[in-house]
Structure formats: C-alpha cells, structure tokens
There are 2 protein chains.
Amino acid sequence: MSKNKINTSVLSGFVELLPQSQFAFDTIKSVVEQTYKNAGFVAIDTPTIEKSEILFAKAGGETEKQVYRFSKGDNDLSLRFDLTVPFARYVSEHYGDLIFPFKRYQIGKVYRGERAQKGRYREFFQADIDIVAENNLSIMYDVEVISTIIQTVSKLSNMFNLGNFKVKVSNRKIWDGFFAQFGIDDSKKVESVAIIDKRYKFKTEDDFNMELREKIGDEKIFNLAIALLKIEYIPNVGISIPEHHYNDFAFIKDNPVMKEGIQELETVMKYLPLSNAEVDLSIVRGLNYYTGTVFETYLQNYPEFGSVSSGGRYEHLCDYYTDKSICGVGGSIGLSRLFIPLIEEGKIKIDTPMTDIIIIPQNENCYATAMKIQLELNEKTNTKVTSIFENKKLKKMMEYANKINAKFAIIIGEDEIVNNSFTLKNMTTGEQQTFSSVALIKTITKALNK
Amino acid sequence: MSKNKINTSVLSGFVELLPQSQFAFDTIKSVVEQTYKNAGFVAIDTPTIEKSEILFAKAGGETEKQVYRFSKGDNDLSLRFDLTVPFARYVSEHYGDLIFPFKRYQIGKVYRGERAQKGRYREFFQADIDIVAENNLSIMYDVEVISTIIQTVSKLSNMFNLGNFKVKVSNRKIWDGFFAQFGIDDSKKVESVAIIDKRYKFKTEDDFNMELREKIGDEKIFNLAIALLKIEYIPNVGISIPEHHYNDFAFIKDNPVMKEGIQELETVMKYLPLSNAEVDLSIVRGLNYYTGTVFETYLQNYPEFGSVSSGGRYEHLCDYYTDKSICGVGGSIGLSRLFIPLIEEGKIKIDTPMTDIIIIPQNENCYATAMKIQLELNEKTNTKVTSIFENKKLKKMMEYANKINAKFAIIIGEDEIVNNSFTLKNMTTGEQQTFSSVALIKTITKALNK
C-alpha cells in the first residue's frame with residue numbers, strides 16, 4: 001500500500017466481521033431478541049451517550065477508569081458502559097408513563113476501554129432483560145428473569161451445539177446475614193466475599209481455603225462459611241444444610257436477613273429446571289448494586305468464557321435519580337464476548353443462506369425482465385434475491401453466484417424472454433428446470449416459503 | 001423531586017421513546033431491514049468509534065465541527081457521523097475478502113453535534129445500502145440502489161399511509177460538463193451549483209433566478225442553465241432538451257462529460273417506475289464525494305421533512321485508504337428524522353400487539369402451572385406471552401392486562417388446575433372460553449400463528 005494512504009485497521013480492542021460472520025452474529029442476535037420478546041419483554045433504546053454524572057452515580061473505581069469520557073460544548077459526556085445504569089435512569093425519568101411491573105429488553109452496544117486482551121472487546125453487544133416495579137417486586141420475577149435466560153441459552157445451545165450449561169444461583173442476603181451474625185465489619189465482609197467470589201479462580205481448593213481462613217481469622221466462622229458453600233437445593237425438600245452442621249446453623253431462625261435469603265433462594269430454585277440450575281453460594285457478583293438473588297451461567301464445554309450470562313436483584317439502583325422506591329431484577333447475555341470468538345473459530349454454522357436467488361440477465365436486453373422478476377419475487381415471496389448486471393460470459397457470472405452461495409439461479413437470455421421460458425438452476429444439486437415466468441415465481445414461492 | 005437527585009432527562013438533541021413508540025420505531029426499522037435483505041443486500045456492522053484521521057480524510061468544514069471527537073490513551077477518536085465513510089474504510093480494509101460487486105446494508109446510529117433544533121437529532125439512525133466494485137460498476141447498480149429505495153419507501157408509505165412520494169434524480173456530470181463548456185472556474189461552479197441545490201428553498205422563483213443570474217454573471221449561460229433545469233425524462237424517448245433550445249445545446253455532442261451524464265441519467269430513468277421517479281437537475285447534494293448519479297426523495301404530504309432518502313454515485317471515496325480503484329453507489333434513509341416525529345405525533349399506527357397473551361395465576365398455588373403453560377406457548381408458538389405474579393385481586397390484574405394491551409388473557413385458579421379447564425379471555429371482545437391445557441395451546445397456536 002502507498003505510504004500516503006490512511007491505515008484502515010479497526011482500533012485495538014474493537015472488532016468488525018466479514019459478511020458471512022456478520023450474518024451468523026445477526027442470526028444469533030435475532031434469536032435472542034425473539035426469545036426475549038416472546039417471554040414478555042418489550043424493547044427500549046437509550047442514547048449511547050449519557051451525562052457523566054448519570055453513569056458515575058454508582059460506578060466503582062475500575063469501571064470509572066474504563067469509561068470513554070469527553071466534553072462537547074459545556075457537557076461532560078460518557079459512552080454507556082452497560083445497559084443497566086441507563087435503564088435505571090430511563091425508569092426514573094419516565095416513571096409516570098410506564099406500567100409496572102415493567103419488563104423490558106435492550107440489546108445494544110456498550111463501551112469499556114479495558115486493557116486489550118483476548119476475548120475482551122472495548123465495544124460489545126449486551127442483551128439485557130429487566131423487570132422493575134415500585135416498592136415491591138415478587139421473588140417470582142427473579143424466577144422469570146433466570147427462566148428466560150435459561151430458555152434463551154438453551155435455544156442457542158441447541159441451535160449451535162454448545163452442549164450443557166448451568167446457571168449457578170445464590171442470594172446475597174445469606175452472606176450479609178452470616179457475617180453480621182458474627183459481628184464482622186463491612187470492610188472485612190467485602191474482602192471475604194471477594195475471595196469467595198473468586199473461588200474457582202484459585203489453582204487448588206487448598207489455596208482458596210487458606211486465603212479465606214486467613215481473611216476471616218476465626219476457625220469456627222471459617223468452617224461455617226465452608227459448610228455454607230456446600231449447601232444445595234433438594235427438590236421437594238428445599239435448601240439443605242449439611243446434616244452435621246444442623247446445630248451450628250441453628251442461629252438462622254433468629255437471623256431474619258439470612259433466613260430471607262435462604263427462603264428466596266429456595267423459591268427461585270423451586271421453579272427453575274434443575275437440569276440447568278443449581279445453588280452455588282460462591283456466586284457473589286462484583287458489581288455493588290445487587291441486593292438479593294445473583295446468578296452466573298457457565299457452558300460446560302467452554303469454561304474459558306467464564307460466565308456468559310449474569311444478573312440479579314437490585315433494590316436501590318434508581319435511588320440516585322428519584323425519590324420513588326424502585327426495585328428490579330435483571331440479567332444480561334454477553335453476546336459479543338461469547339459468540340464473536342465462536343464464529344471466528346468456525347464453531348458456529350448457520351444453515352440459512354445469505355442469498356436465496358440470484359438473477360442473471362445475459363445482456364442489456366434482458367435487464368428490464370430481470371428487474372421485473374426480482375421485484376415480483378420481492379413482492380410475493382419473503383426471499384433474498386440479488387441480480388448481477390455485468391457484460392461478462394455466463395460462466396463468470398455463475399462463478400459469482402457460487403461465491404455468494406446463492407441457493408438458486410435464474411438465467412435470463414433473449415430467447416428465454418421471447419419464449420417465456422426461464423431456467424431455474426438449483427446451485428446445490430446442479431439440477432435445472434424451465435418455467436414460464438408465472439410458474440417460476442410459483443415454484444420459488446413454494447420451494448422457499450413453505 | 002429532592003434536590004440531591006440527579007436530573008434524568010436525556011441530553012439536548014438526543015431522544016428516547018416510550019415502549020409503545022419504541023415498538024413502532026422497531027417495526028419500521030425491521031421493515032426497512034427485511035426489504036434491504038430481500039433486495040439482495042447483506043448486513044455489515046462497523047465500530048461506532050473510528051480513528052479521527054479516517055473520518056476526517058474527506059469530511060468538510062461543517063461536518064468536522066459537528067463531530068464528537070475525543071482522546072483515550074494516545075488515540076484521537078471520533079464517533080461516526082455517517083455510515084458511508086466507515087464503509088469505505090471497511091471495503092479498503094477487507095478488500096481481499098469481499099466478493100464484488102459487494103452489496104451491503106447497514107442500519108446504525110450516527111452522531112452529529114448539530115445546533116439543537118426541531119427535527120434534528122444528535123444521535124440518529126441511518127439505514128444505508130451501497131454497491132461497490134473494483135474499477136468499474138455498471139450504471140444498472142445506480143438503478144438497483146434507487147429502485148430498492150423506492151421499494152422500501154413504497155412499503156413504508158403503504159403501511160403507514162404516508163401518501164405519494166417522488167425520487168428526484170440528477171447526474172453531477174451534466175453540471176460539470178456544462179460549466180466546463182463555458183470555461184467557468186471551479187470555485188464559481190461550486191458556488192453556482194450550491195445556489196441550484198437550494199432552488200426550492202428560495203421564497204420565489206424570481207429570487208432564485210436573481211441570485212443564480214448574478215452568480216453566473218453571463219445572461220446567455222444563465223438562460224441555458226435555467227433551460228437545463230427544465231429537462232425531463234420522456235418514456236421511450238429519453239432526456240428531452242426544450243425544443244427552442246435544440247441549437248443552443250448542440251455543443252453537448254462534443255462535450256463527453258455532459259453527454260455521459262445525460263446518457264447515465266437516461267439509463268437510470270429508463271428502469272425506474274415513473275410514478276415514483278422524475279428528473280430534477282436542481283438536485284446536487286452538498287456532500288463533495290458524489291461524482292455521477294445523485295438523488296433525493298420527497299414525501300408529497302410532508303414537505304417539512306425535506307429529503308427523506310438521498311444518495312448517489314461516488315468513484316473516489318476509498319482513494320484515501322487504498323490504491324485499489326473502488327467505485328460505489330449508495331443511498332440512505334433517515335429513519336430517525338422521518339419516523340420519530342411521525343410516531344410522536346401519533347401519525348403512525350402499529351396493528352401488531354406488543355403482548356399477545358397474558359397469563360394470570362390467581363395465587364401462589366397456580367404459579368407452577370402458569371410457568372408451565374407460558375414455557376409451552378413459547379416453545380410451540382411464536383407468540384409474545386407475559387405473566388403477572390401478584391397477590392392482588394383478579395380485577396387489579398385484569399386492569400394490568402388491559403393497560404399493556406394484551407390480546408388474550410389466560411386466568412389460572414386452583415379449580416382450573418384441578419379440573420384441567422382454563423379460561424381464555426379475548427381482551428378485545430370480552431368473550432371467554434374454557435379449554436383443557438392441551439386444547440388451550442392448540443387454540444392459541446391456531447388463532448395467532450395462522
């Protein structure tokens with residue numbers, strides 16, 4: 001390339017796809033969107049740019065450093081780093097016009113200037129669902145959010161052979177109540193749950209135990225924490241405390257926070273399909289806005305992706321913006337993080353063709369007929385039709401038809417127009433048939449629009 | 001609101017919609033997308049953030065001032081102000097991996113920090129189509145782009161009763177050849193065509209004539225320019241020069257640029273439906289990258305929107321980025337500018353409901369059945385189903401069902417579960433019928449999924 005040309009590569013940490021990969025990604029995105037819609041969520045869209053004070057009302061240190069922040073005129077602006085904070089602002093702003101419980105989905109790009117590394121993008125799609133209400137939101141909506149996430153991930157997993165997955169569910173109130181029980185102060189609690197949250201990132205369980213024991217600094221409390229990490233949900237029974245710890249946990253009945261956490265977790269698990277959901281108290285979630293249910297989702301065959309869908313219950317997210325007491329529960333699928341690598345590694349195959357039919361007029365005298373047939377197909381069928389207008393040999397144009405993977409080709413020559421007899425070629429089988437223009441359109445409608 | 005709450009209004013010039021309006025906008029967007037797809041265009045997506053040097057390679061003065069530009073680390077970044085320049089970069093970057101002619105669509109947000117005024121947004125959706133090829137691109141692709149725009153606007157106009165519209169088509173080569181013929185220098189030419197471009201913005205034709213006459217400064221040339229503005233396309237004849245000017249325009253046969261422009265315009269018009277297309281040489285297009293065909297689209301009933309879809313042929317857009325000689329033709333529909341005002345003024349009605357069915361379990365003992373029915377509907381039908389889990393009187397929950405405009409309600413009580421007999425209420429007619437759970441799902445499938 002000449003020296004005076006501008007480098008056209010995308011910025012580090014950004015990504016763009018070739019058409020075939022883009023088609024795969026868009027297909028996935030629309031599966032997610034349709035599933036969210038059918039599960040009763042309605043779309044909203046918010047500006048990509050927000051006032052910085054909106055985004056920084058609650059954002060923590062790490063996030064704050066990553067934000068794309070700039071000025072325009074007198075405005076201190078930032079690009080949104082997630083879809084949850086803008087949604088909290090949206091609900092506060094439009095409170096009077098919304099019908100509660102309000103169930104919305106939003107699929108959009110968010111921006112984080114993270115250190116560039118494999119599988120991390122600075123611009124990426126999130127696909128969020130949230131349910132919000134005033135004052136009070138039944139725990140059943142936590143079930144509904146997780147159930148919708150399970151439905152969506154199941155559908156994607158079936159379509160693209162991603163294998164088994166598990167949603168790991170916990171409830172923050174359990175740890176809150178637990179540490180309060182033993183008079184452990186807030187900063188020590190935060191540091192302890194941070195270790196618990198990283199449980200699976202330790203090389204060995206011993207390493208994890210050592211660090212947690214040291215942090216908690218009390219053998220009895222440490223042992224109870226380890227016991228708590230082992231609790232499970234047993235159908236028709238509920239959350240089980242390991243038998244030999246029955247007495248140690250007798251205090252729960254007088255610990256309303258912990259009791260509530262366990263009850264909520266029990267209710268959530270009761271309604272979820274246990275093939276795809278399990279209790280795991282090591283799920284805490286870094287974001288500091290969750291207050292009850294929290295969950296993460298793991299693909300068995302792709303541990304390297306970490307959690308592909310996470311979320312939880314938040315009670316105070318709108319408190320910065322409104323006096324109304326608004327509570328919500330939500331979940332998010334990291335579309336780009338999961339699917340862009342799978343697509344680029346060729347692990348995802350899309351069966352639908354990008355082009356159903358290509359129309360090939362053989363010379364200028366056939367252009368009008370070609371356009372007429374294309375328009376008719378567009379009007380009468382829901383098929384993807386393209387045309388090629390080149391002064392080239394038929395062979396060249398058939399090569400193009402092959403390259404773009406068209407399913408059928410309609411070849412139009414002057415004889416064909418005179419005789420009203422058009423050749424339809426099946427590009428997969430090579431089979432050719434001739435039809436009148438009316439029969440041609442009928443045949444294609446039948447073949448493609450079943 | 002308390003003083004310590006953050007103001008949640010969106011930034012001036014930005015817009016967000018309430019769910020019902022968002023639903024209308026998304027419906028319109030997907031009609032455009034489906035039409036583009038079916039016309040043979042494939043999707044691409046590019047990052048919203050580009051290196052500033054990419055965007056400013058050709059951007060003119062006015063645009064440059066409007067761009068959201070900022071730094072992150074060492075990078076000089078900008079938000080894209082259109083989809084054409086990023087597309088030119090994309091084609092240059094991925095040249096070796098694309099199949100030409102390459103037909104792509106892209107629907108996305110672009111950003112311009114314009115002075116806030118009615119109908120102008122700082123963040124807005126554009127819906128673009130472009131066809132590019134190397135070295136040489138048949139004029140038929142100009143036809144294809146305009147024809148696709150006509151198809152799309154027709155469809156929208158039919159769906160939403162927008163009335164008649166006309167695409168006004170011109171070709172830049174005609175004015176280029178014309179002014180060159182009389183030795184008029186580039187800066188005078190640019191100023192003259194700028195006046196021509198604003199023809200319809202003058203209060204009277206006299207005002208326009210006066211300004212153009214003064215700028216051209218030669219009565220004979222001025223009169224010819226006015227004659228040229230009157231040319232039309234006559235079916236089976238071609239572009240007509242007004243009869244009494246035959247001799248004045250005899251020079252065209254020796255003016256290759258002008259001749260080519262007229263021939264191209266003739267070809268384009270030959271294939272377009274004349275009910276929706278007309279020649280109008282006052283269309284010039286402000287952007288300085290067009291080189292041949294240019295067009296704008298006007299809704300007869302909504303002159304206040306100005307052109308709702310514009311575009312044209314460009315031969316040198318990729319020259320900043322690559323040595324390859326890439327030419328293209330494209331068009332763009334200003335989705336936000338046209339449809340957001342129409343939606344907000346209530347001029348657009350969407351018939352599809354946001355929610356097909358609401359499931360109303362009457363108490364906790366009915367939740368499991370409610371969820372089971374919802375899941376089954378989601379799996380077996382393509383319908384939008386929501387549930388409500390509230391400890392409220394049935395009447396309250398029916399009010400909610402009415403507010404969200406659900407088409408059907410399924411009411412589930414304990415008796416219904418015991419008797420396997422569920423009530424389906426048509427929310428429009430008030431009609432109620434009872435069904436077994438299997439029959440219920442069959443009935444709904446039949447009613448909604450024809």
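Residue numbers start from 1 in every chain, and the chains themselves are labelled A, B, ... in the order their sequence lines are given, proteins ahead of strands. All values derive from a computational prediction rather than experimental measurement. The analysis underlying the following values was restricted to heavy atoms, covering all of them including side chains, and did not include hydrogens, waters or symmetry mates.
For chain A, the nearby part of B:Leu98 is the side chain; its heavy atoms alone come within less than 4.5 Å. Of the atoms belonging to B:Glu53, heavy atoms from both backbone and side chain fall under 4.5 Å from chain A. Neither the backbone nor the side chain of B:Phe23 comes within contact range of chain A; no heavy atom of the residue lies under 4.5 Å from a heavy atom of that chain. With a threshold of 4.5 angstrom between heavy atoms, A:Thr48 approaches chain B through its backbone and through its side chain. When heavy atoms are compared at a cutoff of 4.5 Å, B:Leu18 approaches chain A by way of both its backbone and its side chain. With a threshold of 4.5 angstrom between heavy atoms, B:Glu364 approaches chain A through N, CA, C or O but not through any side-chain atom. Contact annotation for A:Leu77: only side-chain heavy atoms (C-beta onward) come within less than 4.5 Å of a heavy atom of chain B. For chain A, the nearby part of B:Ser147 is the side chain; its heavy atoms alone come within less than 4.5 Å. No part of A:Ser12 comes within reach of chain B, as not one of its non-hydrogen atoms sits under 4.5 angstrom from that chain. Heavy atoms of A:Lys403 lying under 4.5 Å from chain B belong to its backbone as well as its side chain. Of the atoms belonging to B:Glu50, it is backbone heavy atoms, and not side-chain ones, that fall under 4.5 Å from chain A. For B:Asp356, no part lies near chain A; criterion is any non-hydrogen pair under 4.5 Å. Neither the backbone nor the side chain of B:Tyr121 comes within less than 4.5 Å of any heavy atom in chain A. No part of A:Phe124 comes within reach of chain B, as not one of its non-hydrogen atoms sits under 4.5 angstrom from that chain.
Here A:Glu93 pairs with nothing under the salt bridge (Lys or Arg N to Asp or Glu O under 4.0 Å) rule; sequence neighbours left out.
B:Leu79 is listed as a side-chain neighbour of A:Ile49, based on a closest heavy-atom distance under 4.5 Å. For the pair B:Asp323 and A:Lys5, the minimum side-chain heavy-atom distance is below 4.5 Å. No side-chain heavy atom of B:His94 sits under 4.5 Å from any side-chain heavy atom of A:Pro19. Counting heavy atoms from C-beta outward, A:Gln20 and B:Val42 have side chains that stay 4.5 Å or more apart.
Ring geometry for A:Phe70 versus B:Phe70: interplanar angle under 30°, hence parallel rather than tilted (30 to 60°).
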Derivation and outcome, side-chain contact (heavy atoms from CB on, under 4.5 Å), residues B:Lys51 and A:Asn7: CA-CA 9 Å; B:Lys51 288 176 235 166; A:Asn7 182 328; 3.8 Å; yes
side-chain contact (heavy atoms from CB on, under 4.5 Å) between B:Lys72 and A:Arg122, intermediate numbers included: CA-CA 12 Å; B:Lys72 180 89 182 166; A:Arg122 290 177 174 169; over 6 Å; no
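In terms of modelled atom types and a separation under 3.5 Å, the side chain of A:Tyr141 and the main chain of B:Phe389 share a donor-acceptor contact. Although no hydrogens or angles enter the test, the distance criterion places no donor-acceptor pair under 3.5 Å between the side chain of A:Lys384 and the main chain of B:Phe41.
The pair B:Lys109-A:Asp45 meets the salt-bridge criterion, with a side-chain N (NZ, NE, NH1 or NH2) lying under 4.0 Å from an Asp/Glu carboxylate O.
Of the listed residues (B:Phe14, B:Phe102, B:Tyr68, B:Phe100), the one with the most heavy-atom contacts under 4.5 Å to chain A is B:Tyr68.
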